[in-house]
Amino acid sequence: GRVSLYLVVHPKFPANTLAEFLAYGKANQGKLSYATPGNGTSPHIATEVFVRESGIKMTHIPYKGAGPGISDLVAGHVPVMTPNITGQILEFHRAGKIRIIAVFAPQRLTAAPEIPTAIELGYPNMVAQLFVGVFAPSAVPKAIIDQYGITVVPLTIRFGDTDYVDREDFGPKEFWAKCAASPVLP
């Protein structure tokens, strides 16, 4: 499946929409900072693409994992983050502890249809999603791979966070084809 990233701010941040965020960022070039789970992570790269696309300048604050960054965002120590969407992020949003400005996905999220995509808001290149898959050594017999798909995958769907994961069922060949067909940074 695929998991999208979101542009998230602390509730005291003086912007409620992407347009307001960009206006504030452009008026305060270089004064904003953003948290990520670390250097080179998908949220870090996605935010750098967003910075390039939008023309605003923000300072990167890498954390040692998403949890500490999210904690500091909720506490107001950092104003901006682009985390992978999770049930926790949605609950913080609904509780008013953070505010999701936009989703970096081709379409709105089923679990939060009120949140617009960056594409809708005029940024057609702002799609940031992670492919989620299970890997095994090439020597693992096909029968074991097939059995895994029969027993484990349904459990992850049943107990997983399927409201914000774009679930796609496909085998190894289809997975690699999807990866190969995914856009790369321009």
Side-chain angles (χ1 to χ4, degrees), residues 1-15 17-93 97-109 111-112 115-133 135 161 164-166 178-186:
R2 289 173 289 160
V3 178
S4 300
L5 280 71
Y6 279 63
L7 178 62
V8 180
V9 297
H10 185 268
K12 291 185 180 177
F13 190 84
T17 66
L18 184 58
E20 291 172 356
F21 179 91
L22 294 171
Y24 183 84
K26 288 177 182 177
N28 294 279
Q29 289 285 11
K31 295 178 183 175
L32 284 177
S33 59
Y34 70 94
T36 72
N39 287 319
T41 60
S42 297
H44 178 211
I45 294 167
T47 307
E48 288 300 318
V49 171
F50 174 70
V51 164
R52 184 185 69 202
E53 293 286 318
S54 67
I56 62 173
K57 292 180 181 153
M58 295 193 292
T59 301
H60 177 222
I61 301 176
Y63 282 79
K64 293 181 180 179
I70 292 167
S71 294
D72 273 4
L73 176 69
V74 170
H77 300 301
V78 290
V80 180
M81 190 170 186
T82 52
N84 305 335
I85 194 62
T86 65
Q88 178 189 40
I89 296 295
L90 288 174
E91 289 307 314
F92 283 154
H93 171 72
K97 294 180 180 181
I98 61 173
R99 187 170 46 251
I100 300 172
I101 301 281
V103 57
F104 296 149
Q107 65 276 335
R108 291 183 182 213
L109 190 66
I115 301 168
T117 69
I119 293 171
E120 290 175 64
L121 300 171
Y123 289 86
N125 294 327
M126 274 314 309
V127 174
Q129 295 182 303
L130 308 174
F131 276 110
V132 179
F135 296 84
D161 298 317
Y164 54 85
V165 174
D166 293 331
K178 289 266 189 189
C179 291
S182 293
V184 295
L185 298 176

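Across all their heavy atoms, A66 and P37 have their closest contact at N-CB, 3.5 Å. Closest of all the heavy-atom pairs between V80 and L73 is N-CD1, 3.9 Å. The heavy-atom pair separating I115 from R108 by the smallest distance is O-CG, 3.4 Å. Of all non-hydrogen atoms in I89 and P83, the two that sit nearest each other are CD1-CG, 3.9 Å. For I70 against Q88, the heavy-atom pair with the smallest separation is CD1-OE1, 4.0 Å. When all heavy atoms of L32 and P79 are compared, the pair lying nearest together is CD2-CG, 4.4 Å.
Separating the CD1 atom in I45 from the CG atom in N39 is a distance of 10.0 Å, to the nearest 0.5 Å. The line from CZ of R99 to NZ of K12 is 12.0 Å long, rounded to the nearest 0.5 Å. With values rounded to the nearest 0.5 angstrom, E53 atom CD is found 13.0 Å from T47 atom OG1. Between the CG atom in L90 and the CD1 atom in I98 there is a gap of 8.0 Å [rounded to 0.5 Å]. To the nearest 0.5 angstrom, I101 atom CD1 is 6.5 Å from T17 atom OG1.
Applying the ring-ring contact (aromatic ring centres under 6.0 Å, His included) test to every pair with at least one member in residues 52-84, sequence neighbours left out, gives these pairs: Y34-H60, H44-H60.
A heavy-atom distance below 4.5 Å is found between the side chains of L109 and Y6. Counting heavy atoms from C-beta outward, P43 and N84 have side chains that approach closer than 4.5 Å. Side-chain contact check for Y123 versus L18: some heavy-atom pair is nearer than 4.5 Å.
Listed for the Q29 side chain is a donor-acceptor partner under 3.5 Å among the backbone atoms of G55.
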Would you sort out whether L22 and F50 count as a side chain to side chain contact (heavy atoms under 4.5 Å, CB included), showing the intermediate values?
-> CA-CA 10 Å; L22 294 171; F50 174 70; 3.7 Å; yes

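Counting heavy-atom neighbours within 6.0 Å of K31 NZ, excluding the residue itself, gives a total of 12 or less.
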